[in-house]
Amino acid sequence: MARIKNQILGDVSGLIGPVVYKQIGKTQYIAKKPDSFIPGTDPASIFRRDQCAFVGKLSSKIYSIDIIKKLWSPAVKNQSRIYQRIWTENYHTANCDKLDIPAKLAPSPGFLISNPSFLFEEKSFHLKTDPLGTASEINLAKEKFIIPAGVIVLKDPKSPALPPTEIIAFKGKNEILDLNSELNITIGLSTPEYLKYMHFKFRKCYLILITLNENDNPVHNSECLLNRLT
């Protein structure tokens, strides 16, 4: 790109023949017209475009959940790069064509959960699991609460006016941590989210359980849970 030092044409912006004029601040630049770009139609090109779009939406929703963002904070030296780290991890982990592959909601896989089950209702859904037990290595002297958080991928809209895919974020309420009782948690959805949620037939939930200390700061997280049946 060339820079024009002595401008005699006035301020020019736009395309003239094979040349593009750009105004950046008080300086005008001239560049060659870029070659036209035709997106590839082969399966690999289509997948890359779909995957980038899917991971972009997914990462934005994950990043919007403050408690999950705190989990990523120690893994990223530059805090302004948390979103980029989430995007990169999910590009290589999640799959827009295979939604039974868990999303990367946290930088580490975390403790295991036994027999998770999901029950979807109109404005909420329920998660039920076996007791966490002592094998989870949770320290009740430090970890006082547990909270569910994650995203739901929505597909197959009931109306043709809706987009083919939506992703909504959610965060439940603090539950008192009890290692010896089964978990039976109801996650309610706020008005903007449930209005989308109720207008799609397909729901794929990605969820982690996060333990909190007495100051509501995250300590540990579980593996990513998802409903296997759609």
Side-chain angles (χ1 to χ4, degrees), residues 39-40 42-118 120 125 127 129 132 136-138 146-156 163-172 183 185 187 189 193 196-197 200 202-212 218-230:
D42 59 286
S45 296
I46 293 172
F47 172 77
R48 284 194 296 269
R49 289 198 298 273
D50 291 347
Q51 179 73 349
C52 285
F54 173 71
V55 171
K57 286 184 179 181
L58 180 69
S59 301
S60 293
K61 294 299 181 179
I62 294 172
Y63 183 78
S64 73
I65 306 169
D66 287 341
I67 194 67
I68 287 184
K69 197 187 303 183
K70 287 182 179 180
L71 288 173
W72 287 90
S73 183
V76 181
K77 292 181 180 179
N78 186 337
Q79 296 300 291
S80 66
R81 300 295 181 88
I82 292 177
Y83 171 82
Q84 287 86 343
R85 177 69 179 271
I86 293 172
W87 192 99
T88 300
E89 295 280 354
N90 276 283
Y91 186 83
H92 296 292
T93 302
N95 190 307
C96 63
D97 292 336
K98 298 176 183 178
L99 295 179
D100 272 337
I101 297 176
K104 194 74 175 289
L105 299 181
S108 58
F111 54 85
L112 301 179
I113 301 293
S114 298
N115 296 322
S117 64
F118 292 77
F120 293 98
F125 66 96
L127 171 69
T129 78
L132 297 177
S136 63
E137 299 182 354
I138 291 173
I146 193 165
I147 188 171
V151 296
I152 302 176
V153 179
L154 304 171
K155 297 181 73 174
D156 195 6
T165 304
E166 280 280 8
I167 301 177
I168 59 175
F170 65 85
K171 184 180 75 171
L183 290 173
I185 300 174
I187 298 100
L189 301 173
E193 282 74 22
K196 298 175 184 177
Y197 168 88
F200 285 79
F202 175 100
R203 297 164 180 168
K204 177 63 67 175
C205 180
Y206 302 111
L207 177 152
I208 55 174
L209 295 166
I210 305 168
T211 63
L212 308 173
V219 182
H220 290 120
N221 61 270
S222 74
E223 62 180 327
C224 181
L225 309 178
L226 65 157
N227 55 314
R228 294 288 179 180
L229 300 177
T230 57

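Position 1 is the first residue of the sequence, and the numbers go up from there. This structure is a prediction, so every number in the text was calculated from the model and none was measured. Computed from heavy atoms alone, side chains included, the values below leave out hydrogens, waters and symmetry copies.
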Undergrad: Between atom CD1 of I187 and atom SG of C205, what is the distance when rounded to the nearest 0.5 Å?
TA: 7.0 Å
Undergrad: Side chains of I185 and L209: does their closest heavy-atom pair fall under 4.5 Å?
TA: yes
Undergrad: Does a side-chain heavy-atom distance below 4.5 Å link I68 with I208?
TA: yes
Undergrad: Looking at R203 and Y197, would you say the former's side chain and the latter's main chain have a donor-acceptor pair under 3.5 Å?
TA: yes
Undergrad: Do side-chain atoms of K204 reach the backbone of N227 as a donor and acceptor pair under 3.5 angstrom?
TA: yes
Undergrad: Kindly give the heavy-atom pair with the smallest separation between N221 and A106, and that separation in Å.
TA: ND2-CB, 3.5 Å
Undergrad: To check you understand the geometry: which heavy-atom pair defines the closest contact between S222 and I113, and what is its length?
TA: CB-CG1, 3.9 Å
Undergrad: As a quick check of understanding, evaluate side chain to side chain contact (heavy atoms under 4.5 Å, CB included) for K155 and L99, giving each step before the final call.
TA: CA-CA 11 Å; K155 297 181 73 174; L99 295 179; 3.7 Å; yes
Undergrad: Could you state the interatomic distance from NZ (K61) to CD (E166), rounded to the nearest 0.5 Å?
TA: 7.5 Å
Undergrad: My understanding is that only residues two or more places apart in sequence, or in another chain, count here; which of them pass side-chain contact (heavy atoms from CB on, under 4.5 Å) with A103?
TA: L58, N90, L105, Y206
Undergrad: Would you please test Q79 and S73 for side chain to side chain contact (heavy atoms under 4.5 Å, CB included) and show each step?
TA: CA-CA 7 Å; Q79 296 300 291; S73 183; 2.5 Å; yes
Undergrad: Nearest 0.5 Å please: distance from the CG atom of L189 over to the CD1 atom of I168.
TA: 5.0 Å
Undergrad: Just how far is it from atom OG of S60 to atom OH of Y83, taken to the nearest 0.5 Å?
TA: 3.5 Å
Undergrad: If I compare all heavy atoms of S45 with all of D42, which pair ends up nearest, and what's the gap?
TA: OG-OD1, 2.7 Å
Undergrad: Show, in sequence, the C-alpha distance, side-chain angles and deciding distance for F200 and D156, and conclude whether the side chain to side chain contact (heavy atoms under 4.5 Å, CB included) test is met.
TA: CA-CA 6 Å; F200 285 79; D156 195 6; 5.8 Å; no
Undergrad: Between Y91 and R48, does a side chain to side chain contact (heavy atoms under 4.5 Å, CB included) hold up when you go through it step by step?
TA: CA-CA 10 Å; Y91 186 83; R48 284 194 296 269; 4.0 Å; yes
Undergrad: Does NZ in K69 sit with more than 12 non-hydrogen atoms of other residues, nucleotides or ligands closer than 6.0 Å?
TA: yes
Undergrad: Looking at CD1 of I152 and CD1 of I167, how far apart are the two atoms once the value is rounded to the nearest 0.5 Å?
TA: 11.0 Å
Undergrad: For the residue pair L127 and F118, what are the closest heavy atoms and their distance?
TA: CD1-CZ, 4.0 Å
Undergrad: Is a donor on one side and an acceptor on the other found under 3.5 Å between the side chain of Q51 and the backbone of H92?
TA: no
Undergrad: Please determine, by modelled atom types, if R85 and T88 share a side-chain donor-acceptor pair under 3.5 angstrom.
TA: no
Undergrad: Any idea how F120 and F125 line up, ring-wise: parallel (<30°), tilted (30 to 60°), or perpendicular (>60°)?
TA: tilted
Undergrad: If a pair satisfies salt bridge (charged side-chain N to carboxylate O under 4.0 Å, His left out) and one of its residues is in residues 50-60, list it, with sequence neighbours excluded.
TA: none
Undergrad: Please name the pair of heavy atoms, one in L71 and one in P107, separated by the smallest distance, quoted to 0.1 Å.
TA: O-CG, 3.5 Å
Undergrad: How long is the straight-line distance from CD of E89 back to CD1 of I62, given to the nearest 0.5 Å?
TA: 10.5 Å
Undergrad: If you compare all heavy atoms of A149 against all heavy atoms of I67, which two are closest, and at what distance to 0.1 Å?
TA: CB-CG2, 4.1 Å
